[in-house]
Amino acid sequence: MTVLALTGGVGGAKLALGLARVLPPDDVVFLVNTGDDFEQLGLPVSPDVDTLTYTLAGLASADAGWGRGDETWHFMETLERLGGETWFRLGDRDLALHIRRRELLASGAGLTAATAAIASALGVRHTILPMSDDAVRTQVLTPGGRLPFQHYFVRDRCVPKALGFEFAGAAKARRNPLIPFGRLTAAVVCPSNPFVSVDPILAVPGIVDALQEADVPIVAVTPVVGGKAIKGPTAKMMRELGIPATTVGVARHYAGFVTRFVIDEVDAAAEPAVRALGMRTTVAQTVMRTLEDRVALARAVVEFAR
Ligand code: FO1
């Protein structure tokens, strides 16, 4: 089987790790959001690509989910002392990755090739594909104006009210040409933030069309359980956008694209409402605290997708 797993951020990477444990490298390809990318301190930062790379390499910070677990912070401490900009924290080891990415991009590699070189050097055997090599930049529309994503998310800690999102550059971005649409058996939408992790991927022309033409099950795993997001600002965003912060609210957002929906056990009563949207449903434990949880959910998702 060949599964295309759409992912972005920490929540998505948890299921991605489970999928990578359950499926060999030929059977799953990860398609990653790059709408969070930006340039900081002159370095090209691709947070969701790096979160997945570190997670699959077994290097991710268990606490934060992003960055490395074995990190030190001498660079940031020194930069702070020198009066530099430190709201976006790059650890010493992470800094090396960013300098290497800048070097690869400067030598003419695209983001896909740079990602492959870095992932391979860190021992990752599964394929990680940025959604596009062209720049797509998520912008958050707030009452105070438009904010670049990381300024909203990290610098302003998601405090401003989100009125909407725009994916600058998406309309002209070319989808990653290595996405194996021709041999797919299923697509999985990981439990990432639907608005700022998954929607930017779906905004790249040709991705939704090709998935629908492939005529394969498109399985989404709910990122909202019992009215709360497992991680991050998904539920807050839903409330601000006037969408019920529930698993049904997420399913409604994906209706017309997703064909199968994984609901958490605590929301089992929502099954009829999700089915009414034209999706098949299954109930599973979607909260992933341990590696065993990730593997068990990945197994359930793969079974459901068959
Ligand atoms: N998230 C934070 O909340 N604070 C940070 O300082 C921060 C630094 C950072 C550095 C590299 C990287 O790959 C990710 C980093 N993140 C940080 C996470 C990241 O910006 C967000 O989690 C994602 O963009 C949302 O998916």
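Just so you know, these numbers come straight off a predicted model, no measurement behind them.
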Novice: Which heavy atom of Tyr254 sits nearest to which heavy atom of Val189, and what is that distance?
Specialist: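 Smallest heavy-atom distance, with atoms named: OH-CG1, 3.6 Å.
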Novice: Under the 3.5 angstrom rule, does the side chain of Glu71 hit a backbone N or O of Arg93 as a donor-acceptor pair?
Specialist: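 Yes; judged by distance alone, with no hydrogens or angles, the pair exists.
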Novice: Does a donor on one side chain sit under 3.5 Å from an acceptor on the other, for Asp264 and Thr222?
Specialist: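 No, no side-chain donor-acceptor contact under 3.5 Å.
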Novice: Report yes or no: do Val283 and Val219 belong to one cluster of Ile/Leu/Val/Met/Phe/Trp/Tyr joined by side chain heavy-atom distances under 4.5 Å?
Specialist: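 No, Val283 does not connect to Val219 through the hydrophobic network.
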Novice: When you measure from the side chain of Asp94 to the backbone of Gly67, do you find a donor-acceptor pair of N or O atoms at a distance under 3.5 Å?
Specialist: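 Side chain of Asp94 to backbone of Gly67, a donor-acceptor pair under 3.5 Å: no, none is there.
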Novice: Under the 3.5 angstrom rule, does the side chain of Thr259 hit a backbone N or O of Ile218 as a donor-acceptor pair?
Specialist: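 Present.
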Novice: Is it the case that over 12 heavy atoms from other parts of the model lie below 6.0 angstrom from the CZ atom of Arg275?
Specialist: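 Buried by this count: over 12 neighbours within 6.0 Å.
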Novice: Could you check whether the rings of Phe38 and His151 sit parallel, tilted or perpendicular, using 30° and 60° as the cut-offs?
Specialist: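 Correct class here is perpendicular.
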Novice: Could you see if Val45 belongs to whatever hydrophobic cluster contains Leu104? Use Ile, Leu, Val, Met, Phe, Trp, Tyr and a side-chain cutoff under 4.5 Å.
Specialist: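 No; Leu104 is not reachable from Val45 via cluster members.
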Novice: Name the residue from Leu52, Asp48, Leu15 that meets the side-chain contact (heavy atoms from CB on, under 4.5 Å) definition with Thr7.
Specialist: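 Of Leu52, Asp48, Leu15, side-chain contact (heavy atoms from CB on, under 4.5 Å) with Thr7 is met by Leu52 alone.
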Novice: Look at the side chain of Thr112 and the backbone N and O of Leu129, then say whether any donor-acceptor pair between them is shorter than 3.5 Å.
Specialist: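 No; zero donor-acceptor contacts below 3.5 Å.
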Novice: Given side chains that start at C-beta, do those of His126 and Leu19 come closer than 4.5 Å, heavy atoms only?
Specialist: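 No. Closest side-chain heavy atoms not under 4.5 Å.
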Novice: Within a radius of less than 6.0 Å around NZ of Lys236, do more than 12 heavy atoms belonging to other residues, nucleotides or ligands occur?
Specialist: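 Atom NZ in Lys236 is crowded, with more than 12 foreign heavy atoms closer than 6.0 Å.
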Novice: Measuring only between side-chain heavy atoms, which start at C-beta, is Leu31 closer than 4.5 Å to Ile207?
Specialist: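 Sidechains of Ile207 and Leu31: in contact.
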Novice: Between Asp293 and Thr290, is there a donor-acceptor pair closer than 3.5 Å when you use the side chain of the first and the backbone of the second?
Specialist: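 Side chain of Asp293 to backbone of Thr290, a donor-acceptor pair under 3.5 Å: yes, one is there.
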Novice: Kindly write out the residues that satisfy side-chain contact (heavy atoms from CB on, under 4.5 Å) with Val154, not counting sequence neighbours, or none if the list is empty.
Specialist: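 Applying side-chain contact (heavy atoms from CB on, under 4.5 Å) to Val154 gives Trp87, Phe88, Gln150.
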Novice: A quick test of your reading: do over 12 heavy atoms of other residues, nucleotides or ligands sit less than 6.0 Å from CD of Gln212?
Specialist: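 Atom CD in Gln212 is packed in, count exceeds 12.
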Novice: Tell me if a side-chain donor or acceptor on Asp267 pairs with a main-chain N or O of Ala270 at a distance below 3.5 Å.
Specialist: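 Side chain of Asp267 to backbone of Ala270: no pair is present.
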Novice: Please check this pair: side chain of Arg102 against backbone of Gly42, looking for a donor-acceptor N/O pair closer than 3.5 Å.
Specialist: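 Looks like yes, one N/O pair under 3.5 Å.
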Novice: Hey, does the side chain of Arg101 reach the backbone of Pro44 with a donor-acceptor pair shorter than 3.5 angstrom?
Specialist: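 Yes, Arg101 side chain to Pro44 backbone: donor-acceptor pair under 3.5 Å.
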Novice: Would you mind telling me which of Asp37, Thr34, Thr53, Thr51 makes a side-chain hydrogen bond (donor to acceptor under 3.5 Å, both in side chains) with Ser46?
Specialist: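 The residue from Asp37, Thr34, Thr53, Thr51 that satisfies side-chain hydrogen bond (donor to acceptor under 3.5 Å, both in side chains) with Ser46 turns out to be Asp37.
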Novice: Looking only at heavy atoms, what is the nearest atom pair of Asp26 and Arg183, with distance?
Specialist: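 Between these two residues, the closest heavy atoms are O-NH1, 3.3 Å.
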